[in-house]
Amino acid sequence: MMAELSREARAGSNGRQGLLRWGLVGLLLLPLALGGYPLYLATEAALLGLAAVALSLLLGHGGVPSLGQAAFLGLGAYTVGLALKAGLPLGLALLLAPLAAALLALLTGLLVFRTHGIFILMLTLAFGQMVYSAAHKWTGLTGGDDGLSLSGLSIHPVLLHLVAVGVLLAAVGGLRALLQTPYGKTLEAIRQNEEKIRSLGVPTFYYKLSLYLLTAALTGLAGSGLALHRSFISPHDLFWLTSATLMVMVLLGGSRGLWGAVFGALLYTFVQAWVSSFTDLWGLFVGSLLVLTVLFAREGLWPLLERRLGGGRGNA
Amino acid sequence: MLRVEQVSKAFGGLLALAGVSLEVTPGERRAVIGPNGAGKSTLFKVMAGELRPSQGRVFLQGREVSGMPQERVARLGLGRTFQRSNAFPELLVWENVALAQKAAQGQGATLGQRLTPEPGVQRVLEQVGLAERAHVVASQLSHGEKRQLEIAMALVQNPSVLLLDEPLAGLSGAERERIGELILGLDPQMTVLLVEHDLEYALRFAQRVTVLHYGQVIAEGEPEAIRQNPQVQEIYVGAGWAVETGAATTQGPEVLRSEGLCAGYGAMQVLSEVQLEVAQGEVVALLGRNGMGKTTLLSALMGLLPLQEGEVFFLGQGIGRLPPHRRAALGLALVPQGRRMFDGLNVEEELQMAAWGQRGRWTLERVLEVFPRLAERRRNPSKALSGGEQQMVAIARALLRNPRLVLMDEPTEGLSPLMVRQVAEIIRTLKAEGETVLLAEQNVQMALSVADRVYILEHGQVVWEGRPQEASQAVLHRYLGV
């Protein structure tokens with residue numbers, strides 16, 4: 001009787017949580033009706049959302065604090081830009097971008113995962129800044145400060161937006177399913193007690209490395225999307241501030257469950273655009289928002305919404 | 001099955017293992033015993049591949065495993081439980097076990113399907129008695145259940161050799177009984193090595209016993225032979241305890257008195273109407289089984305827990321509503337359970353920190369004089385000390401605040417008999433120095449040997465008080481089950 005009641009209650013709260021997610025998808029699609037700048041921002045949010053989802057998986061579930069995600073984003077962007085300039089077809093260019101990012105992740109990850117905790121943060125930051133410097137100084141290839149223009153290419157904004165949202169939702173769905181597999185649960189176990197899972201016979205190094213490759217590839221894909229979306233690639237997008245922005249998105253929305261990262265990216269992008277329209281003190285505003293979130297909704301705003309509106313435990 | 005050849009392990013200048021050799025045959029039950037700091041845990045870590053031996057080799061089923069990373073050794077069939085592990089606290093109980101199974105099968109990286117509770121997982125959960133708790137988050141398990149989970153995770157891997165590191169430590173009563181039985185009932189095909197402080201249990205469990213002392217094997221043989229071995233008795237058990245029968249110390253002025261003290265957690269009342277008195281220069285023991293309210297009482301006296309009713313008088317002043325730091329300033333010091341050393345500080349720094357800004361009879365020099373062991377160890381990181389030495393540091397820290405009354409919460413918890421004697425010696429030293437001590441203790445023999453007066457706490461109430469020599473067998477048996 002009790003079990004049945006609680007099951008019903010859970011089904012109800014699951015239903016409401018589902019509604020909340022549909023609401024989020026609705027918010028992503030709504031600008032299609034508005035067009036123009038709102039649509040531009042929404043596509044931006046969906047693509048940054050993909051990168052944020054990747055970081056959320058890495059940080060919240062894998063326990064790997066990376067501050068070098070901008071490098072993968074930028075490498076994805078430059079790869080697609082240079083491939084198109086070299087005359088490769090768009091499909092191939094979009095395939096090369098995540099591969100290039102994953103290759104970078106492999107090279108750096110071999111070193112990064114020899115350390116733990118704060119050292120991972122510092123190493124990823126250092127590698128990220130090295131890629132930034134390369135993009136900035138290698139003017140022959142990247143155009144340096146002048147950036148790389150992709151003006152020749154025109155994709156209809158509505159189509160681009162639909163594809164971006166589609167990829168984002170597919171990524172969230174696929175990765176959430178991945179988290180339920182033995183591989184996904186093992187990742188969570190590594191985060192919670194690495195010594196114990198190693199004593200059970202799991203070579204954690206390879207798990208963390210493979211997760212790193214996967215999230216780098218997704219971030220690279222997001223970067224290639226951003227390049228197409230903005231028709232322009234600037235080396236400054238590879239600066240570590242972009243990595244920090246992604247982390248802020250994840251922390252605002254909530255680092256577990258992946259939906260939080262989507263919400264964080266959407267919130268950040270639109271609030272930034274709105275606040276910067278009347279003041280330059282945007283940093284002050286996002287800072288206060290982050291402080292409030294950390295103080296009063298440590299798990300992030302999305303779990304808070306799920307608890308308040310969804311009525312569930314917010315276990316996402 | 002498992003062979004250790006001349007293994008040594010040094011940490012800096014400290015030689016934890018000095019040429020240990022042992023061989024375990026298939027299906028054997030082997031106990032490794034020895035006082036704290038003898039190197040038992042280090043030996044297990046070397047066998048499991050967590051630590052690389054400085055010298056010597058380890059063979060598992062004829063294959064050299066020393067130098068391999070621990071995950072390789074685990075995959076070769078070495079299972080292990082940790083003394084302190086809460087496994088994967090955010091995962092469900094069955095998920096913890098299922099992951100261990102997948103790891104043993106080398107299928108941890110499976111992507112195609114969800115993790116599910118397979119029959120093997122169910123069977124092991126039933127075997128250890130956790131079937132009912134399978135769908136609970138692991139962090140919500142009780143202390144004893146977490147041990148059961150540890151064992152389940154090891155068993156589901158079907159290891160050829162199982163290392164159990166103090167599986168009974170910190171357990172009491174029914175939990176101890178249950179887990180003790182569980183281990184005795186393990187598959188006789190499995191080779192099991194056990195490190196355990198409970199000597200009675202270790203000797204009952206084992207077919208052969210290895211005794212370690214200062215990183216060396218000092219005896220090996222069948223349990224009965226080990227029990228009779230005078231050398232082992234000497235270092236491990238020591239001579240019997242004598243109950244304190246000296247002339248009753250003349251009653252000094254009252255230092256602490258509680259009246260009608262009630263306290264608890266939230267709505268739950270743990271202590272009811274506790275009357276207690278401690279006079280100047282006395283050592284007062286507070287006895288009681290686990291969960292009878294000893295720690296709660298000390299916390300309430302110190303102010304870490306609010307009083308629900310009643311009052312505490314300290315040096316004649318009502319302090320029942322004061323915050324802990326004010327009580328500390330008045331001269332009340334608590335030596336908490338579990339010792340709580342600071343990470344990264346050495347012994348001298350720990351003591352300097354405690355002595356900072358203090359002036360009184362206890363100074364750093366005086367403490368090092370009274371505890372020469374700490375003077376020897378002053379440059380060692382406090383976390384690297386043995387349990388007994390850490391307890392010394394914890395007590396010395398309290399003394400450096402120059403307290404009027406020292407509250408000690410189970411200072412012998414988790415210590416080997418030899419270390420327990422050391423702690424008893426420390427308390428006698430304090431008494432000789434004229435300190436006043438309220439000692440909450442589970443080790444009845446030890447407490448009776450140092451105390452001037454005794455309170456017995458049962459279900460949050462004082463059920464007996466008197467002098468140690470009056471605490472007849474009948475009283476002890478009735479309230480403490482000893």
Side-chain angles (χ1 to χ4, degrees), chain A residues 2-3 6-7 10 57 59-63 113-114 116-118 173-214 217 254-257 298-299 303 313-316, chain B residues 44-45 47-50 68-82 84-92 94-116 118 135 137-139 146 149-150 152-154 156-159 163 165:
Chain A
M2 282 300 285
S6 80
R7 200 176 309 142
R10 199 173 316 153
L57 180 71
L59 177 73
H61 296 275
F113 293 114
R114 307 216 169 268
H116 288 93
I118 187 85
L175 294 177
R176 281 176 63 89
L178 180 76
L179 285 173
Q180 298 302 320
T181 65
Y183 173 78
K185 292 284 180 189
T186 303
L187 287 175
E188 307 251 7
I190 294 172
R191 185 190 78 238
Q192 292 169 38
N193 193 345
E194 180 161 1
E195 209 49 40
K196 177 71 190 172
I197 193 92
R198 284 188 65 197
S199 82
L200 292 172
V202 172
T204 54
F205 178 83
Y206 298 103
Y207 281 74
K208 289 189 283 191
L209 186 62
S210 61
L211 174 70
Y212 194 51
L213 295 193
L214 174 66
S255 65
R256 304 266 174 86
R298 190 160 298 176
E299 293 170 14
R313 274 180 52 233
N315 61 353
Chain B
F44 266 25
K45 285 179 185 167
M47 287 175 180
E50 185 184 334
M68 283 186 190
Q70 55 174 322
E71 54 263 30
R72 285 280 307 282
V73 183
R75 285 300 305 283
L76 289 173
L78 187 131
R80 181 179 177 203
T81 69
F82 289 79
R84 260 181 219 147
S85 162
N86 42 4
F88 313 121
E90 295 170 30
L91 297 182
L92 303 180
W94 73 260
E95 287 177 329
N96 272 276
V97 180
L99 277 187
Q101 187 190 35
K102 289 288 176 199
Q105 295 164 345
Q107 293 176 355
T110 306
L111 296 173
Q113 85 239 20
R114 293 170 74 99
L115 186 68
T116 50
E118 284 164 29
H135 292 275
V137 178
S139 62
K146 280 179 184 158
L149 176 59
E150 265 305 291
M153 290 168 76
V156 81
Q157 297 205 310
N158 201 13
L163 308 182
D165 194 358

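It should be emphasised that the depicted structure is a prediction, and the values quoted were computed from it without experimental measurement. FYI, side chains are in, hydrogens and waters are out, and symmetry mates aren't considered; it's all heavy atoms of this structure. Order of the sequence lines sets the chain letters (A, B, ...), proteins ahead of strands, with each chain counted from 1.
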Does any N or O in the side chain of [X] come within less than 3.5 Å of the main-chain N or O of [Y], such that one atom is a donor and the other an acceptor?
{"X": "B:Q70", "Y": "A:R198", "answer": "no"}
{"X": "A:Y207", "Y": "B:A109", "answer": "yes"}
{"X": "A:N193", "Y": "B:A87", "answer": "yes"}

Non-neighbouring partners of A:Q192 that pass side-chain hydrogen bond (donor to acceptor under 3.5 Å, both in side chains), sequence neighbours left out =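 Expected list: none.
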Residues two or more places apart in sequence or in another chain: which of them pass side-chain hydrogen bond (donor to acceptor under 3.5 Å, both in side chains) with B:K146?
->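 Scan of B:K146 (side-chain hydrogen bond (donor to acceptor under 3.5 Å, both in side chains), adjacent residues dropped) gives none.
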Heavy-atom closest pair, residues B:A103 and A:V202 =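 For B:A103 and A:V202, the tightest heavy-atom pair comes out as CB-CG2, 3.5 Å.
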Could you please spell out the steps behind the side-chain contact (heavy atoms from CB on, under 4.5 Å) verdict for B:R114 and A:T181?
-> CA-CA 4 Å; B:R114 293 170 74 99; A:T181 65; 5.9 Å; no
Residue B:E95 versus chain A: region with a heavy atom under 4.5 Å |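 The side chain, not the backbone.
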Engaged part of B:L99 at the chain A interface, taking heavy atoms whose separation is under 4.5 Å |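 Contact with chain A involves the side chain of B:L99 alone.
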Counting only heavy atoms not in B:L111, do more than 12 fall under 6.0 Å of its CG?
->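 More than 12 within 6.0 Å, yes.
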Does the side-chain contact (heavy atoms from CB on, under 4.5 Å) test come out yes or no for A:L200 and B:Q157, once each step is laid out?
-> CA-CA 8 Å; A:L200 292 172; B:Q157 297 205 310; 3.6 Å; yes
Interface residue of largest heavy-atom contact number with chain A, from B:Q107, B:E50, B:Q113, B:E90, under 4.5 Å =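 Ranked by contacts with chain A, first place is B:E90.
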Report the option among B:G79, B:A74, B:A100 that has the most heavy-atom pairs separated by less than 4.5 Å from atoms of chain A.
->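 So the answer, after comparing B:G79, B:A74, B:A100, is B:A74.
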Can you find a pair of side-chain heavy atoms, one from A:K196 and one from B:M153, that are under 4.5 Å apart?
->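 The answer is yes; the side chains approach within 4.5 Å.
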